[in-house]
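This report concerns only the one structure given below.
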Amino acid sequence: MTDDTATDIEPTTPTTSFATASRAVSITLNYILVLAIAALLVSGLMLAGGVFVEDQRERVIENELSVIGHHLAGDLEAVDRMVQAGGGDVERAEIDRSFQGSVTGTSYDITLEENPDRVVLTSTTPEVVVEVQVNVDTDIGHDTGELVDGGDMSVQYDPDEEHLVIIDG
Amino acid sequence: MADLMSADGSERSRGQMLLVAVLVLAAAFIVLALVVNSAIFTENLATQDDVAGAEEAIEERAAVEDNLEEILRDANHDEEAHFESQIEDRFSSGVNSYEHLERLPQSYRTQIVDVQYTDSYTPGIRIAQNDHERNFTNIEGETSYVLTEGVSKTRDVVFNFTHIDTGSTVGLLTDDPFEMELDDGDNTVIFEASSDSTDFLGVSFDDDQVAYRIGVDGEHAVCVSEEPSGDNPSEVDLTAGTINGEPCEAFQRLQDTGANFEFGANLEDEYQIEFSDAANVEGSYSMIHLDGSTRDDTFESHPDDGDPYEVDAIYDAYISYTYHTHNVAYETDFRVAPGEVQTDD
């Protein structure tokens, strides 16, 4: 061993900062980690956003069906008053209505139920059910087996069956 | 090894994830816009009124019924019409005139209202006296007599008193109140008119007043009113329960029990109508009854010199009513019987 070898090694001074140090760092792993974290954040955001939108949509559908249901209930009670005023000799009593065919992008249908007398509105997707009670003296035609689609409809008195019905307009 | 980072250290790979996320968020906002739009439409729909025409259909029917009742009343009271056919002709033409008269105003209100007489009516008998200065005796001058018997219903019972005198026994006068009694053998309705405050127990009134008492199966109620005169007659409508157009509490509610009084509601079929002490009052009267027959020498067959008379009448008539607007249709038949008390039957 000569002294010349020891004298060839020169002390080095650090020229890079800790932040830019790339020792013991895998570029691939760095890339994967960033993608994974970003994907998790974005998917979480999308999930929360989707749930929020769906929840708001159901609430708006419920509100719309409730409004339509109350209008129909008012029409049923108005037809009932016409029937009662006629004293049993009514040949025809009807009110025609025109509502939107879908609520917040989904279709809906309408039926009448009794005990208690009520109008039942059901949307297709998502399935939201709204019931609105009516106060009438005339019987409700609840067993017609017909589902009335949203849109143009007519609230009528059936003099043969002596009950109130809702049919497609 | 692949160069996963560009030489200048830019971060385009992370930008692509953000781009995807932003696109998804944009789609979510679009869906939210649809939801908000639906919510706004719902609020607008909620503020809309009910369909116009539903209540108007009923109100118009009531107005038509009121007007046709007046037309029927005028037809029955027409002194030139003594027979059913004549009265029916007058009523039918009255209905047609009314219907034509109402067409133009209804068209302004975007209504189509059709009123037709169905040529169906129930015949009755009208008993009346037109002379305001005559007492209520029959054509034979009897003060107590049966007007008619075998009656099933009575309506439009109206007295126009010009004089009530109770307490004197001069001539035909008696000291008992004038009385009209409806009696089916088990149940009674009594109407009395008196100027003597001692006639009705518990009731006091002044000398310039008279009292009218209603009795239903022994329960009574009294109304006090001003004394009538030739210039100021008192109109007593028993079926409407009014005196000079104002409601009489006694006629509408028996004071003893609080029950509602409905003229003749407690009577079964086939009752008789009788006057007693008929000389004690003067004025005119009219009533229409269903079924029943009068005895001979009670009434004239037509208005003559002010004596009481009986003539044909229409007790009720049937009308076809149709109401249409853009959204409402209402078709019904109804019955016109002015002055008839509606019972629970």
Side-chain angles (χ1 to χ4, degrees), chain A residues 20 27-28 30-31 34-35 37-39 41-43 45-46 48-50 52-54 56-68 70-71 74-75 77-79 81-100 102-105 154-157 159, chain B residues 1-5 9 11 13-14 16-18 20-22 24-25 27-32 34-55 57-59 61-62 65 318-335 342:
Chain A
T20 56
I27 296 173
T28 304
N30 182 44
Y31 189 73
V34 167
L35 282 181
I37 291 169
L41 287 174
V42 169
S43 62
L45 187 63
M46 286 165 49
F52 173 75
V53 169
E54 193 62 26
Q56 291 300 307
R57 187 170 177 234
E58 285 188 7
R59 291 175 65 181
V60 172
I61 289 173
E62 185 177 352
N63 269 348
E64 279 195 280
L65 291 180
S66 176
V67 169
I68 294 171
H70 278 88
H71 277 298
D75 291 345
E77 291 173 358
V79 173
R81 283 193 292 272
M82 288 195 278
V83 172
Q84 297 304 315
D89 292 326
V90 175
E91 297 172 5
R92 182 184 179 191
E94 66 180 67
I95 295 177
D96 297 331
R97 274 283 206 174
S98 186
F99 296 107
Q100 67 270 33
S102 62
V103 288
T104 319
S154 178
V155 177
Q156 297 184 356
Y157 171 70
Chain B
M1 187 172 177
D3 185 3
L4 297 179
M5 291 182 67
E11 303 178 345
S13 61
R14 295 188 195 123
Q16 289 174 349
M17 285 300 301
L18 285 176
V20 169
V22 165
V24 170
L25 279 177
F29 286 138
I30 291 172
V31 173
L32 266 178
L34 168 67
V35 171
V36 169
N37 185 58
S38 297
I40 294 171
F41 181 80
T42 301
E43 295 297 321
N44 177 268
L45 183 64
T47 59
Q48 290 181 2
D49 292 332
D50 288 335
V51 172
E55 295 302 320
I58 300 173
E59 292 171 358
R61 178 192 174 280
E65 187 173 355
Y318 290 85
I319 301 296
S320 168
Y321 170 77
T322 302
Y323 178 95
H324 283 271
T325 63
H326 177 65
N327 296 107
V328 178
Y330 185 38
E331 299 176 10
T332 182
D333 292 341
F334 62 86
R335 178 173 160 270
Q342 299 300 317

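As a basis for the values below, the full set of heavy atoms in this structure was taken, side chains included, without hydrogen atoms, waters or symmetry mates.
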(message) Restricting to side chain to side chain contact (heavy atoms under 4.5 Å, CB included), what partner residues turn up for A/Ala85, sequence neighbours left out?
(response) B/Ile58, B/Tyr330
(request) Below 4.5 Å from any heavy atom of chain B, which atoms of A/Gln100 appear? Answer side chain, backbone, both or neither. (result) side chain
(message) Please classify the contact of B/Ala39 with chain A as side chain, backbone, both or neither, using a heavy-atom distance under 4.5 Å.
(response) both
(message) If I measure from the heavy atoms of chain B, does A/Phe99 come under 4.5 Å with its side chain, its backbone, both, or neither?
(response) side chain
(request) Check for a donor-acceptor pair, side chain of B/Asn327 on one end and backbone N or O of A/Ile95 on the other, with a separation under 3.5 Å. (result) no
(message) Would you compute the distance between atom CG of A/Asp89 and atom CD1 of B/Ile319 and round it to the nearest 0.5 angstrom?
(response) 12.5 Å
(message) For the CD1 atom of A/Ile68 and the OG1 atom of B/Thr42, what is their distance to the nearest 0.5 Å?
(response) 7.5 Å
(message) Going by salt bridge (Lys or Arg N to Asp or Glu O under 4.0 Å), name the pairs with one or both residues in residues 321-332 of chain B, residues two or more places apart or in two chains.
(response) A/Arg92-B/Glu331
(message) With chain A as the partner, which of B/Val35, B/Leu32, B/Thr322 has the greatest number of non-hydrogen pairs under 4.5 Å?
(response) B/Val35
(request) Considering only heavy atoms and a distance below 4.5 Å, find which of A/Gln156, A/Glu91, A/Met82 pairs most often with chain B. (result) A/Met82
(message) Please classify the contact between B/Phe41 and chain A as side chain, backbone, both or neither, with a heavy-atom cut-off of under 4.5 Å.
(response) side chain
(request) Grab the two heavy atoms, one from A/Val53 and one from B/Val31, that are nearest each other, plus how far apart they are. (result) CG1-CG1, 3.2 Å
